[in-house]
Every structure is written in C-alpha cells, then in structure tokens.
Amino acid sequence: MSAPFLNKYTLREVAASDSKSCYVCYKPTVKVLISDNKVDFFYICSSHLKDTSFANAIHPEEYENIVKEKAKLIIKVTDLESEISKLGYNWDFINKIPGLGSKDKDKVEVKESDKKDAKTLQLELSKARTEVEEFTAKLKDFPFKEYNLDQNIYRNRLRGHIQVKANQKRQQELSKPGFFPSAPSSQLS
C-alpha cells in the first residue's frame, strides 16, 4: 500500500486573521506546511522548522551556491593568512613593541616592497573575512520553502490521516440503512 502523501512539504503563509494553533506548541501561527499533493497540512511555528528533530529543510540550488561561495572564500582567507605568515612580519606588532627606538626599528630588515605586499594582503584578508561573515548571515537567514519531516513525525501524520479516513468510512457505514439489525416485526405468542 502506498502512502497517501509523500514526506515533502511546502511552507506557505496565511493572513493573520486565518492563523491557527501550532501543531507542536498550540500558539497561534500563520505558517502552514502542506504536502505536495495537498492531502495533509498543518500549522507550525518558525522556531519548530529550525529544529532538526522535527523537520529538515530541503536545500535549493540557490542555497547550495551560497555554501560553495562561502567555502571558496574560506579557502581564500586561509591562503591569505598563510601568505601573510610567510612574509614573517606583523607590522602592527613591530610598531607597538615598547622600548624599540627608531634606531632599533631600522635594524629590523624590512623591504619596502614587503611592506606594501603585507598591507595589501591584510586589506584583502579583512575584506574576505567580512564577505565570509555576510555569507554566514545569508545562510542563517535563508528562507527555505520546502521541508522533509522527521521520520517519527511523518509516521504520526500518516497514522493520523489513515485514522481519520477509517473513522469517516465507519461513519458512512453506520449511516447506511440496514447496517443495524431491525427489531422483529412478527408478534410473539
């Protein structure tokens, strides 16, 4: 027997006047998860959608692209950090060493080209780090539209759906004439 609906739900929003209680916590919510064939639906809070023991978001291509871009930026950050460390100079550190006079700073052999390279690398590094933070924020606040329920939650939804259908069938059978036996019509002597 195939399932009446698959474990793939789409997130929709209703008007505030149509809000109903959440499936989990019973607080009013405007978010609704609807199965693909629209057989099953229920209202759910945003916080429960972030709970991986309740539902997992299906990552669309746009989300995957952001993840790839972030990974590239992280690699770029590590490469820049290694390049800076290969130069072996921490310019801010050298300038802040107490007791180093102007004569002593001249003893630290630093090529002018290395200073320029280090500064440009530092600027690139800070820019790359801010971009990584921006991508992290985008991923955190990404508006997912499709979800898969946890297997236990999905089984409960299936079981409830099947129970409702069985109750409806039983009510139809009860309302059919002739379901209950009638009292005998002949007289007893």
Side-chain angles (χ1 to χ4, degrees), residues 5-38 40-97 110-157:
F5 51 90
L6 298 176
N7 187 6
K8 186 175 180 186
Y9 288 79
T10 305
L11 183 66
R12 302 274 188 223
E13 252 185 73
V14 296
S17 61
D18 295 331
S19 68
K20 300 254 168 107
S21 63
C22 173
Y23 174 69
V24 177
C25 67
Y26 304 109
K27 291 180 184 174
T29 183
V30 295
K31 303 223 183 259
V32 183
L33 279 179
I34 303 172
S35 65
D36 273 358
N37 60 358
K38 296 177 179 54
D40 186 37
F41 71 93
F42 58 94
Y43 288 77
I44 193 73
C45 295
S46 300
S47 60
H48 302 303
L49 292 173
K50 294 177 182 174
D51 181 7
T52 56
S53 62
F54 179 78
N56 293 310
I58 298 173
H59 298 166
E61 187 176 334
E62 182 183 351
Y63 181 86
E64 295 298 330
N65 290 339
I66 294 171
V67 169
K68 288 175 187 175
E69 288 297 318
K70 181 183 173 186
K72 288 178 187 176
L73 281 171
I74 289 173
I75 291 170
K76 182 179 178 181
V77 166
T78 55
D79 289 345
L80 287 170
E81 286 173 345
S82 66
E83 282 184 53
I84 291 170
S85 66
K86 283 178 187 175
L87 286 177
Y89 303 111
N90 186 342
W91 305 111
D92 294 330
F93 177 72
I94 290 173
N95 291 332
K96 292 178 183 175
I97 295 176
V110 178
K111 298 177 192 169
E112 199 61 36
S113 62
D114 286 347
K115 272 188 180 180
K116 289 178 183 172
D117 288 345
K119 285 181 182 178
T120 55
L121 288 175
Q122 286 284 4
L123 289 173
E124 284 183 47
L125 179 63
S126 65
K127 182 182 173 187
R129 283 181 177 162
T130 55
E131 288 178 3
V132 167
E133 290 172 7
E134 289 171 4
F135 277 104
T136 303
K138 281 183 187 177
L139 291 175
K140 183 181 176 197
D141 299 332
F142 192 85
F144 292 106
K145 297 194 191 277
E146 293 183 335
Y147 291 86
N148 286 331
L149 299 179
D150 178 69
Q151 288 303 312
N152 293 327
I153 305 292
Y154 176 63
R155 274 190 236 120
N156 285 341
R157 297 298 304 170

Check side-chain hydrogen bond (donor to acceptor under 3.5 Å, both in side chains) between S35 and all other residues, then give those that pass, not counting sequence neighbours.
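Testing S35 for side-chain hydrogen bond (donor to acceptor under 3.5 Å, both in side chains), a comparison that skips the adjacent residues, returns N37.
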*Can you list the residues that meet the side-chain hydrogen bond (donor to acceptor under 3.5 Å, both in side chains) rule with T136, with sequence neighbours excluded?*
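Residues passing side-chain hydrogen bond (donor to acceptor under 3.5 Å, both in side chains) with T136: K70.
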request  = Could you name each residue pair satisfying side chain to side chain donor-acceptor pair (under 3.5 Å) that touches residues 142-156, not counting sequence neighbours?
outcome  =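 Side chain to side chain donor-acceptor pair (under 3.5 Å) check on residues 142-156 returns N152-R155, N156-R159.
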How far does [atom1] of [X] sit from [atom2] of [Y], to the nearest 0.5 angstrom?
X    : Y    : atom1 : atom2 : value
T120 : Q122 : OG1   : CD    : 9.5 Å
E134 : T130 : CD    : OG1   : 5.5 Å
L33  : R157 : CG    : CZ    : 9.0 Å

**Study point:** Within residues 62-82 or reaching into it, pairs that qualify as ring pair (Phe, Tyr, Trp, His ring centres under 6.0 Å) - sequence neighbours excluded
**Key:**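 As it turns out, the ring pair (Phe, Tyr, Trp, His ring centres under 6.0 Å) pairs with a partner in residues 62-82, which skip direct neighbours, are H59-Y63, Y63-F142, Y63-F144.
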Donor-acceptor list for residues 73-82 side chains, cut-off 3.5 Å, not counting sequence neighbours:
unit_1, atom_1, unit_2, atom_2, d
T78, OG1, I74, O, 3.3
T78, OG1, I75, O, 2.7
E81, OE2, R129, NH2, 2.4
S82, OG, T78, O, 3.4
S82, OG, D79, O, 2.7

Are I44 and T29 close enough, and set up right, to give a side chain to side chain contact (heavy atoms under 4.5 Å, CB included), and what steps lead you there?
CA-CA 6 Å; I44 193 73; T29 183; 5.6 Å; no
Could you tabulate the donor-acceptor pairs under 3.5 Å formed by side-chain atoms of residues 8-28, not counting sequence neighbours?
unit_1, atom_1, unit_2, atom_2, d
Y9, OH, D40, OD2, 2.6
E13, OE2, K31, NZ, 2.9
S19, OG, A16, O, 3.2

L6, CG: over 12 other non-hydrogen atoms inside 6.0 angstrom
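Open.
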Name all residues meeting the ring pair (Phe, Tyr, Trp, His ring centres under 6.0 Å) criterion together with F41; count only those two or more places apart in sequence or in a different chain, and write none if there are none.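 In terms of ring pair (Phe, Tyr, Trp, His ring centres under 6.0 Å), with neighbours along the sequence ignored, F41 is linked to no residue.
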Practice task
Go through the structure and list residues passing salt bridge (charged side-chain N to carboxylate O under 4.0 Å, His left out) with E69, not counting sequence neighbours.
Solution key: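 E69 satisfies salt bridge (charged side-chain N to carboxylate O under 4.0 Å, His left out) with K72 only.
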In terms of relative ring orientation, are F42 and F54 parallel, tilted or perpendicular, with 30° and 60° separating the classes?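 Plane angle over 60°, so perpendicular.
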message: Show the nearest heavy-atom pair for residues I153 and S53, with the distance to one decimal.
response: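 Heavy atoms only, the tightest pair is CG1-O, 4.4 Å.
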- Pairs in or reaching into residues 43-67: which pass salt bridge (Lys or Arg N to Asp or Glu O under 4.0 Å), with residues at least two apart or in two chains?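 Checked against salt bridge (Lys or Arg N to Asp or Glu O under 4.0 Å) - neighbours excluded - no pair reaches residues 43-67.
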